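Some notes on the structure that comes next.
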Amino acid sequence: MNDAIEFSSTVSAMTRGGILVVTIDNAPVNATSADVRSGLEKALVHAEATADVAGVVITGAGKTFIGGADIREFGKPAIEPTLPAVIEKIEKLSKPVVAALNGAALGGGLEVALACHYRVASSTAQVGLPEVKLGIVPGAGGTQRLPRLIGIPAALDLIISGRSAKTDEALSLGIIDEIAKADLVETAISAAQKLSGKQLRRTGELSIATNEAAEIERAAARILGRARGQKAPAEAVRLITSSNRPLAEGLADERATFLTLRDSREAAALRYVFFAERESSRVEGLEGIEPRPVKTIGICGLGLMGSGIAVAALAAGYTVIGLDQTVEIAEKGRECIVGLLERNLASGRLDQDGFEAQKARLSVTASDADLAPCDLVIEAVFDDLDIKIDLFLRLDKVIRPDAVLATNTSYLNPDEIAAATAYPERVLGMHFFSPAHVMRLLEIVRCARTAPDVLATGLAVAKTFKKLPVVTGVTEGFIGNRIFSAYRREAEFLLEDGALPHEIDAALEDYGFPMGLFAVYDMAGLEIAWARRKRQAAARDPATRYVGIADTLCEMGRFGQKAGRGWYAYPDGKRTIDPDVTAIIETARAQKGITPRAFPKSEIQERMLKAMAAEGEALLAEGIAARPSDIDLVMINGYGFPAHKGGPMFART
Ligand code: 3H9
């Protein structure tokens, strides 16, 4: 052991047992900033030049190995040395370099590790190349070295999905060589000592299996079919499938592609989304506020929504008490929840022990009093104000005064529910999206009197549910459904003005939505929205433009796919343009004296985007949404807005 050497302000090293142990300490995630790159380069030069150093170990301080390139540096002038240059030095070093993966090795972090001659990981580490999620391709050798190490099909899967692999999978794929059973750095040091003086295995020199052409072709076709107009996945496929060529040639192609994509609008949008997700839970007024402790969650109403919420709560480790109207209905709810857990077991998302443990934490009841131990109760009963108020009044009598009450409503005013209760400060809204155990978005509704620590509790619980929480103020439909209404309204205006449902849907799908609006309507069913429109009819201002075509369809029983017809016809289940619907639309236009005109796709897209952005502006002006990026997150995660376009607020810039 000797004194630490500081190679830069974020990279230091100690020599232990003849091995230079280099530690990257660049909080929060050890991203490869200019200072890290320069420190690493100096450490490598030192190791090569120092006779007493027999090898190198690279590791990270804290819980991350290296989280990748510093995304905040993208778009700024490049500072030497570049990451590919540092990585080349690692691979070519004459002495063994061992990566000691103490945590996540992502993007440029895994690329550093791939160039090392041996990789040891702690059991909690994970590896991945998530660059396509940022609209770029790996730019420091990932598309060339990973296929050399694990073959093209496995590299395609990891790079295009952008997913992370845990250590067991990483070991079986051959990405890492060893999982440390004892101290990670000690294990890495001893690996480096053993490799010293031996022939080193340089990933860039490995050859690629060439007998997998059919498998590769199938995988590539599948990936490109899902890319929805994004550039990065297609470019990554091209680079990976052509990696069987001289390394220098592949690296040069990769670098040029990375630089072009990095400066693209698509990458800017995805970077914006990345930071927006981290920003959304920073809420004004909650600085330093501690959430209330939550161990037991009550869920009222065990229908589809309540069951989904229960599954999310069980997965997060909570004890769950489900309540429904009768013992029989509650038991049905329990069966539904257990059915969802069984699906997770069958798909491998849950192992047998986890399944048993989750099931053991679930109980159901028809008696309000059984909810007494709850720290938080989430109601997911029928969306009717009287029913919800009645339930909350009953809950007031049985749960502790400091327990939090959350209403899962889509359209009702939670302030009215809160006002009816004994302690309105403990009430907030938690608007889940269906299916609640799958959909990531969770609107957290801050009511007029919600206490700060109650709001903080909602956010903290959402995080444990692995949801993306976005705080919204109270307004009809909150952030998402208000913008969705504006989107729907504009589509209906377009119908009257001359566009047909399939033309509007084609324009939206071309833009990147997984499904056009009218196809979505048909899938979800038209009757619930019709019932709401009928309820609102009396209050509607006759001077505002109202499109009645959807009402006509409903009056004809065209309730969507379930009914076999809606905005489209479904012979053999296949979405087909229906001349009857065209005739209905033409009649509606004629009745209003509208002369239809043709709309190019770009104009449809522009009008839809403008309508969403204008509603977003209104939400900001009213203080319902805190920032434009929160609105974008809601539309991306709840309504299919393509992430690579950044959301309606980003797209207007
Ligand atoms: C790349 O590597 C390109 C190369 O192929 C080629 C180069 C030539 N940069 O997520 P958290 C910040 S592209 C800058 O809440 P966790 C983040 O904004 C990169 N900042 O933590 C947040 O800041 P703040 C490929 C970054 O523990 C803070 O760190 N890599 C970066 O839940 C904490 O983040 C990726 O795409 C970054 N790379 O999760 C990995 N990463 O506190 C992206 C994070 O101010 N990162 N920050 O809001 C992650 O997936 C997670 O952050 C990680 C930690 C799993 C590492």
Side-chain angles (χ1 to χ4, degrees), residues 10 24-37 40-41 60-76 78-88 90 101-115 124-146 155 158-159 161-166 232 235-236 239-240 251-252 254-264 266-268 270-283 287 459 463-464 466-469 627 629 633 643:
T10 52
I24 299 165
D25 189 355
N26 184 26
V29 298
N30 296 334
T32 58
S33 62
D35 190 75
V36 168
R37 299 194 302 272
L40 272 179
E41 186 182 52
K63 66 184 174 72
T64 310
F65 172 65
I66 300 173
D70 190 336
I71 307 170
R72 292 184 203 271
E73 272 186 8
F74 287 5
K76 296 187 186 150
I79 303 172
E80 302 283 331
T82 64
L83 190 59
V86 175
I87 282 176
E88 190 183 2
I90 294 175
L101 309 182
N102 53 304
L106 300 177
L110 179 55
E111 290 172 304
V112 165
L114 290 174
T124 54
Q126 46 172 313
V127 299
L129 291 170
E131 283 88 341
V132 291
K133 292 187 183 169
L134 294 169
I136 52 176
V137 291
T143 65
Q144 305 303 299
R145 288 195 180 86
L146 192 63
L158 265 186
I159 294 175
S161 68
R163 73 184 175 86
S164 297
K166 295 198 174 129
E235 287 294 320
L239 289 163
I240 300 161
L251 289 178
E254 181 196 73
R255 181 74 182 161
T257 310
F258 164 79
L259 291 175
T260 307
L261 288 173
R262 188 196 60 184
D263 298 335
S264 68
E266 184 174 310
L270 288 165
R271 277 199 299 277
Y272 161 83
V273 172
F274 177 85
F275 290 116
E277 288 191 0
R278 279 143 188 92
E279 192 69 19
S280 76
S281 42
R282 285 192 190 116
V283 179
E287 303 82 7
L459 283 164
K463 282 270 165 76
T464 62
K466 297 215 164 47
K467 301 287 179 204
L468 175 64
R627 45 179 96 83
S629 60
L633 289 181

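None of the values given here were measured: they were computed from a predicted structure. Quick note: numbers below take in every heavy atom, side chains included, and nothing from hydrogens, waters or symmetry partners. For ligands, and for the atoms within them, numbers begin at 1 and follow the listed sequence.
Of the protein's heavy atoms, V29 CG1, 4.7 Å lies nearest to atom 21 (O) of ligand 1. From the protein, the heavy atom lying nearest to atom 6 (C) of ligand 1 is G139 N, 3.5 Å. The protein atom (non-hydrogen) at minimum distance from atom 14 (C) of ligand 1 is D70 OD1, 3.3 Å. When only non-hydrogen protein atoms are considered, atom 9 (N) of ligand 1 lies nearest to I71 N, 2.9 Å. Atom 40 (C) of ligand 1 has its closest protein heavy atom at G67 O, 3.2 Å. Of all protein heavy atoms, the one closest to atom 12 (C) of ligand 1 is P28 CG, 4.0 Å. For atom 27 (O) of ligand 1, the closest non-hydrogen atom of the protein is K63 NZ, 2.8 Å. Scanning all protein heavy atoms for the shortest distance to atom 24 (P) of ligand 1 gives R282 NH2, 3.3 Å.
With a 4.0 Å cut-off on non-hydrogen atoms, L134 touches ligand 1 through its side chain and not its backbone.
Taking every heavy atom of both residues into account, P469 and S280 meet most closely at O-OG, 3.0 Å. Closest approach of T64 and A104 over heavy atoms only: CG2-O, 3.4 Å. Summarising the geometry of G109 relative to F65, their closest heavy-atom pair is O-CE2, 3.4 Å, with the distance given to 0.1 Å. The shortest heavy-atom contact between G108 and E131 is N-OE2, 3.7 Å.
Comparing heavy-atom distances from atom 2 (O) of ligand 1 across S281, A140, G108 singles out G108 as nearest. Of the candidates R255, E131, K463, E131 brings a heavy atom nearest to atom 3 (C) of ligand 1. Considering each of A69, G62, A105, the one bringing a non-hydrogen atom nearest atom 19 (C) of ligand 1 is A69. In the candidate list R72, R278, E279, R72 is nearest to atom 23 (O) of ligand 1, counting heavy atoms.
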Please tabulate, for side-chain N and O atoms in residues 271-278, each donor-acceptor pair with protein atoms closer than 3.5 Å (sequence neighbours left out).
from, atom 1, to, atom 2, distance (Å)
R271, NH1, R262, O, 3.3
Y272, OH, D632, OD2, 2.5
E277, OE1, R440, NH2, 3.0
E277, OE2, R440, NH1, 3.2
R278, NH1, F274, O, 3.0

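Put simply, atom 38 (N) of ligand 1 has protein non-hydrogen atoms near it, under 4.0 Å away. For atom 32 (O) of ligand 1, the nearest protein heavy atom is 4.0 Å or more away.
Those atoms of ligand 1 that come under 4.0 Å of a heavy atom in F275, given as number and element, are 18 (O). Near G107, the atoms of ligand 1 lying under 4.0 angstrom from a non-hydrogen atom of the residue are 2 (O), 25 (C). Of all the atoms in ligand 1, the ones that sit under 4.0 Å from a non-hydrogen atom of F274 are 18 (O), 41 (N), 43 (C), 44 (C), 46 (N).
Applying the side-chain hydrogen bond (donor to acceptor under 3.5 Å, both in side chains) criterion to K463, with sequence neighbours excluded, gives S281.
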